[in-house]
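Count residues from 1 along the sequence. Quick note: numbers below take in every heavy atom, side chains included, and nothing from hydrogens, waters or symmetry partners.
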Amino acid sequence: MTRLAVGREAWHAWRRDPAMLAALAWTVLGAVLLFTVDGPNTQVRLFWIFQPPLDLLLVWSSWRVFRVARHPIRRFWRLMGIGATLFLTGDLVQTVLAVTRGNQWSTAGGTVQSTCFAVGLALIIVGMLIHPHPHRTRRESLAFWLDSATVLVGGVVVAWCFAVDPAHQDSNAGLVGSLAAGAVVLTSSFAAVKLVLSGNAPMNKAAAIPMIVSAVVNSVGLFVAPSASGGSLPAYVYVVRLMPSLLIAMGPRTQEIIARFDETAFGSRRRRPYSLLPYGSILVVFVTLLYVLPHSQGRTNAQLWGVVAGFGAIIALVVARQLAAFHDNTRLIDQLDTTLTELREHEQRLRHQALHDELTGLANRAHFREETTTALAAARARPGSVALLLVDLDGFKAVNDTHGHQAGDLLLAGVAEKLRQSVRSGDLVARLGGDEFAVLLRDCTVRDAEQTAQRILRSLREPVDVGDLAVCANASIGIACAEERDDVRTLLHDADMAMYAAKHQGKGTWSRSQDGTVLRGSAQPSR
């Protein structure tokens, strides 16, 4: 089944899931009742009564995902399950207190609920931060922690701004605790986004989104009406603060549903080489600064100083992140240059191997034919300016049979070196195969070709060291000077005919082909 088909099946199962539909209906019922009833005591009691069933879905789904997950993803979901259990415990205690006690004016939890919430959320955040990222270099880890620090500072700045708001100087310590919890929730949402985008998240993107939205809505709910002492809250505030319980429960439930259809249901995928989260944190702090400035009334207070300090810290972290990125880019460019250089060198080696003889280093037959074709095309206007020498060794088989193939190879290499030394710098020497060599002469006359053949024969009179022996290599040379009608095939044919004529003449000499006639050369090369 393709990934698209798996996603379609999971989507259909999610829409028909009884637990998900029941949680949605339960939340809608709670919202309707909160808008219907009167009296702050009744609203607060309803608010807490509707929390535990949603927490129960979160606990149940988290532990079910834990059962199917594998290490280290299993470790994250264990912490998630423990955190969810703490949420349920704290909300149950607070529900009992809200129902049994009067004068309940606020949705802020008591000591037990706040402690359970803080510990549970801390476990989840720790699980996100310690989740391993395989194959991550030190510089990538540094970039990750710089980004995490950036969004953490953003959350702290928002919490500081509202905690020391001059408009709420009469607020009690419970308000500050709630705002601090909001900062943690905001920070956890950024950490979750970072984890999802890191390429190795312990949950699918579809499961992470409602949990991230839950954290954002929770933060919004804390700030829509931060002070509630001595009076009632609007109904919409209760609804906004109830929504995160539904959203956070949808995450594990969605993950559980996806895991039924896809064995690779978790979030591992290609990591993006960049992150926009630090810039999002800058935007949040900038908006907070815009909010604080009109309320500062021209005075520099602790609230303004905190926001400015946080803004400066974020800028410093982002600059450090950019410097690290620039360093990485420079390093990658250097690596790319090195790689390209190595590829070019490798390409040159491959091209050399494809066009040259391995034993002698001379051009091979294919390269020789290619160069000869090019030279003939360039010399169409000057017939006779291109010549070809075909050199065939005399008695090479006897050297192989007497002294072995290694001696034969040494003799061929020695002959190749003598050929190189006997031609001009612009000429091309090639080994066509076996003991047969060829020389391409460019911009030459007939006399030049004959003199080159004589130099070759003269150089071959000097012995070649073959191990402990010195062997003289005689050769027969055929010369063919190109005419206007000639191509590579006809030129090689004429040179071959001249070379065989030289062999019949007595070996150790040269002959030249002209207009289909072989002209005998000298058997005693002149000096």
Side-chain angles (χ1 to χ4, degrees), residues 72 76 121-122 124-164 179-180 182-202 205 208 212 215-216 219 267-293 300 302-339:
F76 169 82
L121 190 59
I124 296 173
I125 294 175
V126 168
M128 288 188 290
L129 293 179
I130 68 174
H131 188 69
H133 301 277
H135 312 300
R136 174 172 284 177
T137 65
R138 290 184 178 180
R139 293 193 177 277
E140 289 173 336
S141 298
L142 174 63
F144 171 78
W145 286 109
L146 285 173
D147 289 346
S148 300
T150 302
V151 296
L152 179 63
V153 172
V156 170
V157 167
V158 174
W160 174 265
C161 172
F162 286 93
V164 299
L179 293 174
V184 176
V185 172
L186 182 62
T187 303
S188 67
S189 70
F190 277 113
V193 174
K194 179 63 180 175
L195 189 63
V196 171
L197 296 181
S198 66
N200 191 43
K205 184 178 180 181
I212 295 169
V216 175
S219 300
S268 296
R269 65 183 193 279
R270 184 179 64 86
R271 184 180 62 85
R272 292 184 179 181
Y274 61 90
S275 174
L276 298 178
L277 289 178
Y279 303 102
S281 186
I282 290 177
L283 178 61
V284 168
V285 176
F286 184 73
V287 172
T288 304
L289 182 61
L290 293 179
Y291 168 83
V292 169
L293 286 175
T300 303
Q303 185 188 47
L304 182 58
W305 273 116
V307 176
V308 172
F311 195 72
I314 287 180
I315 294 297
L317 288 170
V318 171
V319 169
R321 177 68 174 87
Q322 291 301 317
L323 290 176
F326 291 154
H327 187 278
D328 287 343
N329 291 340
T330 302
R331 180 174 54 84
L332 289 174
I333 292 174
D334 292 340
Q335 290 178 349
L336 180 60
D337 289 341
T338 301
T339 302

| Rounded distance (nearest 0.5 Å) linking atom CD1 of Ile333 with atom OG1 of Thr338 | 11.5 Å

| field | Thr330 side, atom OG1; Gln335 side, atom CD - distance, nearest 0.5 Å | value | 11.0 Å

| note | Value for NE2 (His327) from CG (Leu332), rounded to nearest 0.5 Å, stands at 10.5 Å

| Hey, does Val153 have a side-chain heavy atom less than 4.5 Å from the side chain of Phe311? | no

| request: Sequence neighbours left out, what passes side chain to side chain contact (heavy atoms under 4.5 Å, CB included) with Ile124? Give chain and number order. | output: Met80, Phe87, Met128

| field | Point-to-point distance, once rounded to the nearest 0.5 Å, from CD of Gln322 to CD1 of Ile315 | value | 10.5 Å

| Partners of Leu283 by side chain to side chain contact (heavy atoms under 4.5 Å, CB included), sequence neighbours excluded? | Val287

| Between CG of Leu317 and OG1 of Thr150, what distance do you get to the nearest 0.5 Å? | 4.5 Å

